[in-house]
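Read through the structure below, which is laid out as structure tokens, and then see the notes.
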Amino acid sequence: MLAMFVGRVQELQILGREYNRSRPSLIVVLGQRRVGKSTLLLKSIEGRSHIYYQATKLTDSDNQMLFKQAIAAELGSDPLLNSLNDWAGIWSYLQQVAAQRPGLTVILDEFPYLCEAQPALPSILQSAWDRIQAQAAPLNLVLCGSKISFMEELLAERNPLRGRQTIELDLAPLPYRDAVCCFPNWSPIEKLSAYGVFGGMPYYLSLCDPSAPLAVNIREVILDRGAALHDEPNLLLQAELTSVSRYASILHAIADGCKEWGDILGRLRDIKGSSQLSPYVKKLEGLRLIQIIRSLDAHERQRQYRYYLDDPFLSFWYRFVLPNWSALESGHSQAVYERMIEPFLDDYMGCLFERICQEYMRLYGQELLGNPAQEVGRIWAGDFDIDVAGKLLDGSVFYGECKWWKNLVGENILDRLIEHSTRTTYGKGNIPCHYLIFARQGFTADLKARAANNPNIYLVTPEKLLGP
């Protein structure tokens, strides 16, 4: 198991700047389960005066008692603190302390658990925070939670804390470049494959053994009965939803290749019509479990959407683990891997490779084209697809093709890409146009020669995707 902190440079800078302000700061941090919120917050307060309390599913009185113990551990024992028996008194106490200890940071992790035990807590906190702001006490208060729907509702209209946050940090999974730092000695292809399986969730990556091959990590972390991630998607859904079966069926359908609305609806026999399906899809999108993409050249009124799972690990689990659940529960993880996963892994990675290339252009495209991307997406119609497309800040456009092939990619792929780019309205009139070919294995000599003589043709290997 890895014990390392990778990435999150921008997030640490944002938190550090907020902690250092002379005014009170109310910081809301949200994100999916396992995305590394607690680890980030603990890293951000290293060397700072702080009180960190991670709530659990206890009674309100027990949570108050444990929170007071966390306060005493940082500030020292105080009979006055021990005598307090409600949240209002605790916040009043912290307000007085903040005036004497500028920059004190208080973190309430898993804040939703506190509110489950005491539903009035947001209102109590609002009243206390208004007093802290009026006094200008230099206190940093961080509210953090994994229940995305609850944390978003915390800041919604008519909620007591609405508008009082000074920043809101929605923590996303690690970008692929940061994620693959967990496998420092692996080849570029192996690193990208690991991201295709485990994605960018820090907890999932921390379970991997970089000294063992990918196949061993897949078996020991995911496939084996009792493995840490064996039933993770079900636990993820159960943490947010009261009934998970239809949501799980939608995720399974999308992972199995149902990317269009009609395909998903046709797969779910017990859902009658779009009006029944829509609330489920909207909820999954809100939970960051699915991604809805519109073709870049779609007209405003066109419903030209495709649906993808937003996390590579979920894609892998619903594609390979769920269909083989009975065999895995019978202890046949080795056979399942050899017969049902390994032969199809390259096909699976083809779609994930497109996602990686899109992320490359979104985050690192300036390394290749000299300007950051203004937008990145994909284009499709009934008879053609463009895997990666977008515009740069200088107004130029780019079109890209992605091939997770074991063979070299040749000129025919470039010619097809150029031909497809003439059939879309996206980017018409934008000069210059950049053509990008992303390939797992490399390129033929003829394609390399052609790219060498044309500054608008770019050939991108796994090495380049992983950066300088």
**Asked** Do other residues, nucleotides or ligands put more than 12 heavy atoms under 6.0 Å from the CZ atom of Arg101?
**Response** yes

**Prompt:** Is a side-chain donor-acceptor pair under 3.5 Å present for Thr105 with Arg48?
**Reply:** no

**Prompt:** Would you call Lys259-Glu354 a salt bridge at under 4.0 Å N-O?
**Reply:** no

**Message:** Strictly by salt bridge (Lys or Arg N to Asp or Glu O under 4.0 Å), give each pair with a member in residues 107-129 just once, sequence neighbours left out.
**Reply:** Glu116-Lys147

**By side-chain contact (heavy atoms from CB on, under 4.5 Å) - contacts of Ser149 (at least two apart)** = Glu240, Lys283

**Item:** Flag, side chain of Trp317 to backbone of His230, donor-acceptor distance under 3.5 Å
**Value:** yes

**Request:** Run the salt-bridge test on Arg158 and Glu153 with the 4.0 Å N-O cut-off and return the result as yes or no.
**Result:** no

**Message:** Under the ring pair (Phe, Tyr, Trp, His ring centres under 6.0 Å) test against Phe313, which residue among Phe198, Tyr318, Tyr204 passes?
**Reply:** Tyr204

**Prompt:** Any salt bridge between Arg288 and Glu152, counting N to O under 4.0 Å?
**Reply:** yes

**Message:** Closer than 4.0 angstrom, basic N to acidic O: yes or no for Asp387 and Arg378?
**Reply:** yes

**Item:** Main-chain N/O of Leu465 paired to Arg177 side chain as donor or acceptor, under 3.5 Å
**Value:** yes

**Prompt:** Is the Phe344-Tyr348 ring centre distance short of 6.0 angstrom?
**Reply:** no

**Message:** Tell me whether Asp270 is salt-bridged to Arg246, with the criterion being a basic N under 4.0 Å from an acidic carboxylate O.
**Reply:** yes

**Set of ring-ring contact (aromatic ring centres under 6.0 Å, His included) partners for Tyr247, sequence neighbours left out** = Tyr280

**Message:** I'd like to know whether Asp263 forms a side-chain contact (heavy atoms from CB on, under 4.5 Å) with Tyr307, so could you lay out the CA-CA distance, the side-chain angles of the two residues, the decisive distance to 0.1 Å, and finally the verdict.
**Reply:** CA-CA 10 Å; Asp263 296 334; Tyr307 300 81; over 6 Å; no

